[in-house]
**Q** 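Please see the structure below; I have some questions.
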There are 2 protein chains.
Amino acid sequence: MSLQHALLTSIVEKPCSGYDLARRFDKSIGYFWHATHQQIYRELARMEEQGWVSSSEVEGGRAGKKRFDILPAGRMELQRWAAESAAPMRLRDDMLVRLRADAAVGPLGLTGELERRLALHEQELATYRAIEQRDFSRQPLSREAEIHYLILKAGISFEEGRVQWTKEALAILQKKQPPAR
Amino acid sequence: MSLQHALLTSIVEKPCSGYDLARRFDKSIGYFWHATHQQIYRELARMEEQGWVSSSEVEGGRAGKKRFDILPAGRMELQRWAAESAAPMRLRDDMLVRLRADAAVGPLGLTGELERRLALHEQELATYRAIEQRDFSRQPLSREAEIHYLILKAGISFEEGRVQWTKEALAILQKKQPPAR
DNA sequence: CACTCCATGTAAGGGGTTACATGATTTA
DNA sequence: TAAATCATGTAACCCCTTACATGGAGTG
């Protein structure tokens, strides 16, 4: 149940509408905690019921547009949750299942898909590197910026690992299974 | 819907009961595709309905114990799925949300939790290293072993990345926020 | 006037988690 | 004979995904 907390964090950073949240998510917290707009609207409604956030019609905006603000109870909840202990994230990768199937039943022609994913990981890495250059190249950084940079570095390290590993996977599959197919 | 395929793979490797699958999962595919025994029983029942696997009472075993075998349709499905293209795994880490909350509202005392997770990641890494020594230190490896090793290396690289990153996170949080809590 | 973007939502279905339930077999 | 382990399952709940629905506002 931590999408709620991701939303609370985003609202603390800057109060806004569900639509704005959905878009901002794609470019910030969404990099490491993805959510669709349907999830976001549902959780916002629940949090309003619970008294964690309040909504008000935006004047001068489009009809029906709301702005969400955090309430004291929401702030308390965010602090309570942040201090809570939880299981660290697990690796959960369907490609590893595919590879194990390949090992069990014989070559399944996974190299094409591996190449496709390699390109995606490289692209994601390039995106992160661009953000790094744009936002964090000027030292010294504030405490806030330093933590944001730390978060970005988690993404960079993850994608770098993926890129390297995927290259190794391709090398091994191609070694054992020459150009044919 | 890829738990079914993980189960098919495991059954191809060695036909067995749902209970055995649940236990074997914890020590093989479960490292990168976790599932509880309830999920496993449910998916096995569905796959039997679909004609992907067959079950038969085990003679000489405990009452009610079944053995699942893969059927031709299951094998076909496994191959079809393996060749399918899909989105690569996403990073999804609640700690990054917590850090962002910390950046937004001020120090939340995350170092204790980071230390706890660091220890868990180091422990997981040690487990993987032990498997590496035990199963993959004698060269050359068969194609199957080479792929199993590749899968293990995905886990090793992931945990190594986590360990390094978590240490960096601790350094940054402690720098800005001296011993006091 | 049609198209796109803004902005909100409902509904259905699947997957995952947790709690609970049942009974047989081995082990102390 | 009591406890632990083997072995299977049901039920409830929540989260996530996908498809569908609605209508206003700006743009060509």
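So that the names make sense, note that chain A is the first sequence line, chain B the second, and so on, each numbered from 1.
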**Q** Hey, is R46(B) close enough to E49(B) for a salt bridge, meaning N to O under 4.0 Å?
**A**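 No, this pair does not count.
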**Q** Closest to the E43(A) side chain: dA7(C), dC15(D), dG16(C)?
**A**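 Selected nucleotide (nearest to the side chain): dC15(D).
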**Q** Would the base of dG16(C) count as contacting H34(B) through its side chain, where contact means a donor and an acceptor less than 3.5 Å apart?
**A**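 For H34(B), whose side chain was compared with the base of dG16(C), there is no donor-acceptor pair (under 3.5 Å).
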**Q** Using a cut-off of strictly less than 4.0 Å, decide whether Y41(B) has a side-chain nitrogen or oxygen near OP1 or OP2 of dG9(D).
**A**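 Result: no.
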**Q** Starting at atom NE2 of H5(A), determine the distance to atom P of dC14(D), rounded to an integer number of angstrom.
**A**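 Rounded to whole Å, this separation is 15 Å.
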**Q** When the distance from CH2 of W33(B) to P of dG15(C) is rounded to whole Å, what number comes out?
**A**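 One finds 11 Å between P of dG15(C) and CH2 of W33(B), rounded.
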**Q** I want to verify a distance call: between dT8(D), dG15(C), dC15(D), whose nearest atom is closest to the R42(A) side chain?
**A**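 Nearest to the side chain of R42(A) among the choices is dC15(D).
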**Q** So which nucleotide from dC15(D), dT8(C), dG15(C) ends up closest to the side chain of R46(A)?
**A**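 Of the candidates, dC15(D) comes closest.
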**Q** Considering only NZ, NE, NH1 and NH2 on the basic side and carboxylate oxygens on the acidic side, decide whether D20(B) and R23(B) come within less than 4.0 Å.
**A**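 Yes.
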**Q** K66(B) or R90(B): which one's nearest nucleotide on DNA chain D is closer to the 5' end?
**A**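 It is K66(B), whose closest nucleotide lies nearer the 5' terminus.
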**Q** Between dG9(D) atom P and L21(B) atom CG, what is the distance in whole Å?
**A**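 From L21(B) CG to dG9(D) P: 12 Å.
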**Q** Whole angstrom is fine here: how far is it from CG in L44(B) over to C1' in dG9(D)?
**A**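 Going from L44(B) (CG) to dG9(D) (C1'), I get 12 Å.
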**Q** Quick test of your reading of the model: are E159(B) and R162(B) salt-bridged, counting only N-O distances below 4.0 Å?
**A**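 No, no charged N to carboxylate O under 4.0 Å.
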**Q** CZ of F68(A) versus P of dG9(C): gap in Å, rounded?
**A**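 About 7 Å, once rounded to whole Å.
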**Q** Would you mind telling me which of dC6(D), dG9(D), dG15(C) lies closest to the side-chain atoms of R23(B)?
**A**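 Between dC6(D), dG9(D), dG15(C), the one nearest the side chain of R23(B) would be dC6(D).
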**Q** Assuming nearest nucleotide by heavy-atom distance, tell me which of R67(A) and A35(B) is located more 5' along DNA chain C.
**A**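 Of the two residues, R67(A) wins.
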**Q** Can you check the F25(B) CZ to dG16(C) P distance for me, whole Å?
**A**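 Result: 10 Å.
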**Q** Is the shortest distance from a Lys or Arg side-chain nitrogen in E160(B) or R129(B) to a carboxylate oxygen in the other one below 4.0 Å?
**A**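 Yes.
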**Q** Looking at the side chain of T36(A), which of dT17(D), dT8(D), dC6(C) is the nearest nucleotide?
**A**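 Nearest listed nucleotide: dT17(D).
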**Q** Using whole Å, report how far CD of Q38(B) lies from P of dC20(C).
**A**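 Checked: the CD to P distance equals 13 Å.
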**Q** Considering just the side-chain nitrogens and oxygens of Q39(B), establish if one lies under 4.0 Å of OP1 or OP2 belonging to dG15(C).
**A**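 Answer no for this pair, as no side-chain N or O of Q39(B) is under 4.0 Å from OP1 or OP2.
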**Q** Would a line drawn from the ring center of Y128(B) to the ring center of Y31(B) be shorter than 6.0 Å?
**A**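 Yes, the ring of Y128(B) comes within the 6.0 Å limit of the ring of Y31(B), centre to centre.
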**Q** Ignoring hydrogens and angles, are the base of dG16(C) and the side chain of R92(A) linked by a donor-acceptor pair under 3.5 Å?
**A**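 For R92(A), whose side chain was compared with the base of dG16(C), there is no donor-acceptor pair (under 3.5 Å).
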**Q** H37(A) NE2 to dA19(D) C1': how many Å, rounded?
**A**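 Distance check: H37(A) NE2 to dA19(D) C1' gives 10 Å.
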